[in-house]
Amino acid sequence: MPQQVTVTEHIMLHQKRIPGATGQFSRLLNELVMSAKIIAREVTKAGLVDVLGFTGEINVQGEEVKKLDEYANRILIHRLSRSGVLCAMASEENADIIEVPDSLPRGDYIMIFDPLDGSSNIDVNVNIGTIFSIFRRNSDPEEPLLAGDVLQKGAEQVAAGYVLYGTSTMLVLTTGDGVHGFTLDPSVGEFLLSHPNIQIPEQGKIYSVNEGNYKYWSPSMRKALNYFKSNRNALKKPYSLRYIGSLVADFHRNLLYGGVFMYPPDVRDPKKPTGKLRLTCECNPMAFIVEQAGGMATDGVNRILDIEPDHLHQRVPFYCGSRNDVLKIQEIFEEEAKASAKKA
Ligand code: P6P
C-alpha cells in the first residue's frame, strides 16, 4: 500500500531542517492548511448559492458569494492572527500592513498573501487560488515592527506556496528544499503528498500571455511574443498558447508541463505602467517556487527575488517558468535595448 504522507507530517519532517524552528513554523502552516480547507468548502459551493440558498458564513445574497475573496481574506486574517506565530500580515485585499494585536499571542513570522487570486473567474467555474509568502521578522521583537520587516526582498522568504481550488484542491509548497504538491482528500479532510519534488521542464512548449494587450506592448515584448509564435525557436515550431487568466492556474500548468508565463508592462492602464501583478503577494512567492523547481523568474532584467520592494502593492513586469524560455526573453530584451541605444 503506498505510503500516505500528510502535509502535517511533511512539515514536521521538514521542520527538523529549519534551524531554530520551535514548532512555530509547523503551527503556522497547519493554520494555513485549516484556512485552505474552509475556503475550499465555500469555493466549491459558490455555484450553488441559488440552488442551496445558503452559503455558511456568507449571507444568502448571491453577490456575497461572489465576494469570496473578501470571505477568504477574513478567514485567513482570523485564523492566522490566532496561530500565535505571526507578528504581522499583509493582504492583497488590504491597503496596509495588518499587525497581530497584543491581545493575541504573537510570533516571529510574517505572512503576505493574496487570499483568492483570480476571484473574478468564480462565476465561470475557472480555477482560482490562494497565494502566500512567509518571512521571518528581522528587527527586535521587543521593538515596534518596521516596514522593512514586511518589505523584504523575495530571496529572504522562508516558505511560499499556493492553494489551487479546482477539479481537486491542491497545496503546492516550498520551504527552500524543493517543491511539493499535496492534494486534498475530502473524505478524510487531509492534504496528502501527491506530487513530491516537482521540477519544471528546462524547455517549455507553452506560452501564457494576454495577447489582447499586444498593441499596448513595447517593440521588444512584441519581438519576444513573435519568437514563441514562429518556427525560429527552440522547438522549430510555434509554441502552444494557453492562458486561463488566473495566475495560479496558468502557473501550476506550466510548472508541471513546462512553459513560460508573461505579464509585461503595457500602456493600457496608466495606473499600472509596470504591469498588473504585485511583487509581494504574487510574483515573489511564485518566483521562489519556480526557482526551487529549477525554473526562473525575472522582471525582464532582474531576478524577481533580488528586487527590494519599494511599497507593499508594488507591481512589476513578470516573466516566469522554464529556464530556457525565460533566458530567451531576457536575451531578446537585451538585444533590443542595445539596438535602441545604437540608434539613440
Ligand atoms: P488579465 C487575476 O485577476 C489576475 O490578477 C491573475 O490571476 C491573472 O494572471 C491576471 O490577473 C490576468 O490579467 O489582464 O490578463 O485579465
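Quick caveat, the model's predicted, so the values are computed rather than measured. Read the numbers this way: they start at 1 and go in the same order the structure lists the ligands and their atoms.
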Criterion side-chain contact (heavy atoms from CB on, under 4.5 Å) on Glu291 and Arg303, from CA distance to verdict: CA-CA 10 Å; Glu291 285 199 5; Arg303 180 185 180 226; 2.8 Å; yes
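The hydrophobic cluster containing Ile112 also includes Ile97, Ile110, Phe135, Leu145, Val150, Leu151, Leu312, under a criterion of side-chain heavy atoms closer than 4.5 Å among ILVMFWY residues, counted directly or through chains of members.
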Which pairs would a plain distance check flag for residues 198-205, meaning a side-chain donor or acceptor within less than 3.5 Å of a matching protein atom at least two apart in sequence or in another chain?
| from | atom 1 | to | atom 2 | distance (Å) |
| --- | --- | --- | --- | --- |
| Gln203 | OE1 | Asn324 | ND2 | 3.3 |
| Gln203 | NE2 | Tyr239 | OH | 2.7 |
| Gln203 | NE2 | Asp325 | OD1 | 3.0 |

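Within 4.0 Å of ligand 1, protein heavy atoms belong to Asp117, Gly118, Asn210, Tyr243, Gly245, Ser246, Leu247, Phe261, Tyr263, Lys276, Glu282, listed by chain and number.
Taking the salt bridge (Lys or Arg N to Asp or Glu O under 4.0 Å) definition, one finds that Arg315 meets it with nothing, sequence neighbours left out.
The aromatic rings of Tyr162 and Phe251 sit perpendicular, their planes meeting at an angle over 60°, well past the 30° parallel limit.
Using a 4.0 Å cut-off between charged nitrogen and carboxylate oxygen, Lys338 and Glu335 do not count as a salt-bridge pair.
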